[in-house]
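Notes follow once the structure below has been shown.
We number each residue from 1, following the sequence as shown.
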Amino acid sequence: MTTRAPFQVKAINQVSFVVRDIDKAMRAYWRIGIGPWGVWTYGAPIVKDMTYMGKPADWRFLIALT
């Protein structure tokens, strides 16, 4: 059985999702044919001038791209 993505890609697109569990999300998308994935950690010093609720903050996040 082939499962199709919920959208058609007719040109170069960018779609972003914020998820609570990046590993679970990647597995779910892999099952419907979206992948392979590359995962990177972003934060200081790569990302500058980070804030949280309008105040300077020092944090990092994971980004998965396919």
Side-chain angles (χ1 to χ4, degrees):
M1 179 173 89
T2 302
T3 304
R4 296 183 59 107
F7 50 86
Q8 284 188 331
V9 177
K10 296 181 180 181
I12 297 173
N13 292 284
Q14 178 177 344
V15 179
S16 301
F17 297 97
V18 177
V19 298
R20 292 188 187 276
D21 186 330
I22 198 167
D23 294 314
K24 183 178 177 182
M26 287 188 298
R27 282 191 304 273
Y29 284 111
W30 186 258
R31 281 193 293 273
I32 63 169
I34 300 173
W37 295 90
V39 180
W40 294 269
T41 301
Y42 277 65
I46 297 169
V47 181
K48 304 198 184 324
D49 300 322
M50 291 187 292
T51 61
Y52 178 73
M53 299 185 76
K55 297 182 180 176
D58 185 22
W59 49 276
R60 60 191 187 148
F61 56 95
L62 292 173
I63 184 171
L65 302 174
T66 188

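Nearest approach of Met50 to Ala44, heavy atoms of both residues: CE-N, 3.6 Å. Scanning both residues, Trp59 and Ala57, for their nearest heavy atoms gives CD1-CB, 3.5 Å.
To the nearest 0.5 Å, atom CE of residue Met26 and atom CG of residue Leu65 are 10.5 Å apart. Rounding to the nearest 0.5 Å places CH2 of Trp40 at 11.5 Å from CG of Leu62. Atom-to-atom distance recorded for Lys24:NZ and Ile22:CD1 is 14.0 Å, nearest 0.5 angstrom. Going from atom CD1 of Ile46 over to atom CZ of Arg60 covers 11.0 Å, rounded to the nearest 0.5 Å.
Every residue two or more places apart in sequence or in another chain was checked for a ring-ring contact (aromatic ring centres under 6.0 Å, His included) with Tyr52, and none qualifies. For Tyr42, the ring-ring contact (aromatic ring centres under 6.0 Å, His included) partners are Phe61, not counting sequence neighbours.
Under a hydrophobic clustering in which Ile, Leu, Val, Met, Phe, Trp and Tyr are joined whenever their side-chain heavy atoms come within less than 4.5 Å, directly or via other members, Ile34 and Phe17 fall into the same cluster. Placement of Ile63 and Val15 in two distinct hydrophobic clusters is found when ILVMFWY residues are connected by side-chain heavy-atom separations under 4.5 Å, directly or transitively.
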Evaluate the side-chain contact (heavy atoms from CB on, under 4.5 Å) criterion for residues Trp30 and Thr66: first the C-alpha distance (whole Å), next the side-chain angles of each, then the deciding distance (0.1 Å), finally the verdict. CA-CA 10 Å; Trp30 186 258; Thr66 188; 6.0 Å; no

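The neighbour count for Asp49 CG, taken as heavy atoms of other residues, nucleotides or ligands under 6.0 Å away, does not exceed 12.
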